[in-house]
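Just below is one structure, and these are the notes that go with it.
Quick caveat, the model's predicted, so the values are computed rather than measured. These values consider heavy atoms only, across backbone and side chains, with no hydrogens, waters or symmetry-generated copies.
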Amino acid sequence: MLAEAHLSAIVQSSDDAIISMQLDGTVISWNPAATIIFGWAEDEMIGQSIRRIIPPDREGEENDILARIARGERVRSFETIRMRKDGTVLEVSLTVSPILAPDGQIIGASKIARDVTDRHRVEAARDESELKFRMLADNISQLAWIAEPDGSLIWYNRRWYDYTGTTFQQMKGWGWTAVHHPDHVGRVREHFSTCIGLGKTWEDTFPLRGADGQFRWFLSRAKPIHDNNGDIVNWFGTNTDVTEMLEKEEQIRVLLMEVNHRSKNMLSVVQALARRSGAGDGTFLERFENRLASLSANQDLLVKRGWATIPIADLVDAQLAILGRESRSFVKTCGADFDLSPRSAEIIGMALHELATNALKYGALSQLGGEVWLSWERTDNDRLWIEWRETGGPAVDSAPEGSGFGTTLIRHIPMRSLKADVSMNYEPSGLVWRLECDGAIARSLSS
C-alpha cells in the first residue's frame with residue numbers, strides 16, 4: 001500500500017502528462033499535468049477516447065502506436081504533434097509502454113507526454129538566428145573569423161575559404177599563419193598574441209596569400225567579446241582587402257611628390273630671379289632665401305603627412321632644422337600633442353623660422369651660454385598657446401626701432417589669420433614671444 005501511495009504521489013506531482021488507457025484508446029487515468037498541458041479536465045477525459053487529443057492527420061500514427069503496444073513493444077521517446085482542448089496544437093515528446101496484468105497479459109498502455117513547444121520555439125529562434133548570422137557572415141565583403149579566448153581560431157566565414165582556398169582542418173587553431181607572408185608573419189603573430197594577452201582590440205595591416213598564390217593587403221581587426229561577468233568568451237575578427245586603396249594612396253603620394261618637386265623648382269626660379277634683381281643687397285638675398293627654405297620645409301612636411309593635419313612637434317623640428325646641430329641643441333622644446341591644419345602650420349612655421357633666424361643672428365643663440373625655451377600647451381577651454389623665451393643672450397635694453405617684414409611674419413600675420421593674441425616683450429634676459437589662439441581655428445583654418 002505504501003508503494004502504491006508513493007507511485008500515486010509521483011504521478012500526481014509530475015510535470016509530465018501521465019495517462020493510462022485501454023488498448024482501444026479509452027482513457028483510464030489522467031493526471032493534473034495532463035490537464036495543464038492539454039486543457040481537458042480529468043472528468044472530461046476518463047472513459048473518453050485518447051483520440052480527442054490526436055490531430056486528424058496523426059490518426060495513423062496513433063493506430064500504429066496501439067498496434068505495437070498490443071504486440072508487447074515499447075514505443076521509446078519520439079516527438080510529435082498533439083492538440084489542446086481549444087484546438088491549438090503543441091509539440092510533445094511521447095513515451096508509450098504496455099501495461100501488464102499479473103498474469104502477464106497486456107491490458108492497456110501507459111503514455112508519458114512532455115510539452116516541448118517552448119524548447120522547439122527556442123531551437124527555431126536559434127536556428128533562424130544562426131541562419132541570419134551565416135547569411136550575413138558569408139556574404140559580407142570581409143573575411144571574418146571567431147577565436148577562443150586564447151586566440152585559437154574556431155570558425156571562418158565562407159569568404160575566407162573562397163579567398164585562401166583552404167579548409168577548416170588546415171586553418172583551425174593557429175593554422176592561419178600558413179597563408180601569411182613569411183616577411184610579416186612573425187610580427188603579426190607577436191602583435192596578435194600581445195593583444196590577446198592584454199585583452200585589448202587588435203589591429204594590423206599585412207598581406208595574405210590567395211588561392212591563386214598572389215598576396216593582397218588586408219586591414220585586420222579583432223574585438224574581444226565579453227560575457228555578463230566581463231570575461232572574454234571569444235574574439236571576433238575581420239580582414240578587409242585594402243590593396244587597391246593602398247595602391248591609390250601610393251599614386252597620390254607620388255603625385256604629391258611630383259607637385260612638391262615642381263613647387264621647389266618654381267621656388268628655385270624665384271630665388272634665381274631674386275638673386276639677379278637684388279645682386280647688390282646680400283642681406284636681403286640671405287633673408288629671402290631663408291624664408292623660401294622655410295616654405296620648402298613646410299611643403300616637405302605637408303607632403304609627408306598627405307596634406308593632412310601636422311603635429312606641432314613635427315613642425316617645430318622641421319623649422320628648427322635651419323639652426324644646425326650645435327645651435328639646435330640649445331633650444332629646449334616641450335608641449336602636449338596638438339595637430340595643426342596645413343594653413344595654420346604654414347603661418348606658425350614661418351613665425352618660428354623667423355624667430356630662430358633672429359635668435360641665431362642677434363639673440364640668445366648668437367653667443368655662448370644662450371638658450372631658447374620653446375613650449376606649447378592646449379588649455380582646458382581649448383586654447384592653444386605657444387611661447388618662445390630667450391635667455392643668456394646679449395643684454396636687451398629696449399625693443400628695436402621700427403619693424404620690417406620679419407615682424408609681419410612673427411606678429412601681424414598670426415594675429416590676422418589665426419585671430420591670435422601675439423605679444424613680443426624684450427625683457428632684460430631676452431626676447432619673449434607669445435601666441436594664443438582658439439584651438440579649433442588652429443586645427444581647421446583653411447587656405
Considering non-hydrogen atoms only, spot the tightest contact between [X] and [Y] and give its length.
| X | Y | result |
| --- | --- | --- |
| P414 | V422 | CB-CG2, 4.0 Å |
| W235 | I196 | CE2-CD1, 3.2 Å |
| P224 | G199 | CG-O, 3.8 Å |
| F206 | V188 | CD2-CG2, 3.5 Å |
| T177 | R189 | CG2-NH1, 3.8 Å |
| A34 | A17 | CA-CB, 3.5 Å |

Pairwise side-chain contact, [X] with [Y], heavy-atom cut-off 4.5 Å (strictly under):
| X | Y | answer |
| --- | --- | --- |
| L90 | I37 | yes |
| W433 | I386 | yes |
| T333 | L320 | yes |
| M45 | R52 | yes |
| L340 | I347 | no |
| W160 | T166 | yes |
| S152 | W174 | yes |
| F330 | V372 | no |

Between the side chain of [X] and the main-chain N/O of [Y], is any donor-acceptor distance below 3.5 Å?
| X | Y | answer |
| --- | --- | --- |
| R209 | A178 | yes |
| K200 | G197 | no |
| S375 | G335 | no |
| D204 | R187 | no |
| W388 | W373 | no |
| S193 | E190 | no |
| Q367 | G392 | yes |
| N234 | A147 | yes |
| T88 | R84 | no |
| Y156 | M171 | yes |

Please round to the nearest 0.5 Å and tell me the distance separating atom [atom1] of [X] and atom [atom2] of [Y].
| X | Y | atom1 | atom2 | answer |
| --- | --- | --- | --- | --- |
| W40 | I53 | CH2 | CD1 | 10.0 Å |
| K223 | T201 | NZ | OG1 | 3.5 Å |
| I348 | I413 | CD1 | CD1 | 12.5 Å |
| N229 | D231 | CG | CG | 5.5 Å |
| E61 | L94 | CD | CG | 7.5 Å |
| T238 | R221 | OG1 | CZ | 7.0 Å |

*Where do H120 and E79 land on the side-chain contact (heavy atoms from CB on, under 4.5 Å) test, with the steps shown first?*
CA-CA 10 Å; H120 277 241; E79 294 185 358; 2.5 Å; yes
_Salt bridge check, D118 against R121: does any charged N sit closer than 4.0 Å to a carboxylate O?_
yes
*Check ion pair E62-R82 (N to O, under 4.0 angstrom)*: yes
*Would you call the rings of F38 and W30 parallel, tilted or perpendicular, where under 30° means parallel and over 60° means perpendicular?*
tilted
*Under 30°, 30 to 60°, or over 60°: which ring-plane class applies to F192 and W176, parallel, tilted or perpendicular?*
perpendicular
_Candidate pair L418 and S344, rule side-chain contact (heavy atoms from CB on, under 4.5 Å), full reasoning_ = CA-CA 7 Å; L418 295 174; S344 298; 3.6 Å; yes
*Kindly indicate, with the supporting measurements, whether the criterion side-chain contact (heavy atoms from CB on, under 4.5 Å) is fulfilled by R119 and S93.*
CA-CA 11 Å; R119 192 194 77 197; S93 174; 5.7 Å; no
*Would you say the side chains of W145 and N239 form a donor-acceptor pair under 3.5 Å?*
yes
*asked:* Is a donor from one side chain sitting under 3.5 angstrom from an acceptor on the other, for T379 and N381?
replied: yes
*L219/E203 under side-chain contact (heavy atoms from CB on, under 4.5 Å): CA gap, chis, key distance, verdict*: CA-CA 7 Å; L219 170 62; E203 182 173 314; 4.0 Å; yes
*Which pairs, with at least one residue in residues 423-443 and sequence neighbours excluded, count as a salt bridge (charged side-chain N to carboxylate O under 4.0 Å, His left out)?*
D382-R443, R383-E436, E387-R434, R389-E427
*Check the pair S97 / R74 against side-chain hydrogen bond (donor to acceptor under 3.5 Å, both in side chains), numbers first and verdict last.*
CA-CA 5 Å; S97 304; R74 185 180 180 212; 3.1 Å; yes
_Test side-chain hydrogen bond (donor to acceptor under 3.5 Å, both in side chains) applied to D241 and T243, step by step_ = CA-CA 6 Å; D241 191 335; T243 305; 2.9 Å; yes
_CG (D337) with more than 12 external heavy atoms under 6.0 Å_ = no
*Is the CG atom of L368 crowded by more than 12 outside heavy atoms at less than 6.0 Å?*
no
_What verdict does the salt bridge (Lys or Arg N to Asp or Glu O under 4.0 Å) test give for R378 and D339, after you've listed the backbone C-alpha separation in whole Å, the side-chain angles of each residue and the deciding distance to 0.1 Å?_
CA-CA 11 Å; R378 177 187 174 188; D339 290 338; over 6 Å; no
*asked:* Run the ring pair (Phe, Tyr, Trp, His ring centres under 6.0 Å) test on H181 and F215 for me, step by step, so that the C-alpha distance in whole Å, both residues' side-chain angles and the decisive distance to 0.1 Å come before the verdict.
replied: CA-CA 8 Å; H181 196 286; F215 283 91; 4.7 Å; yes
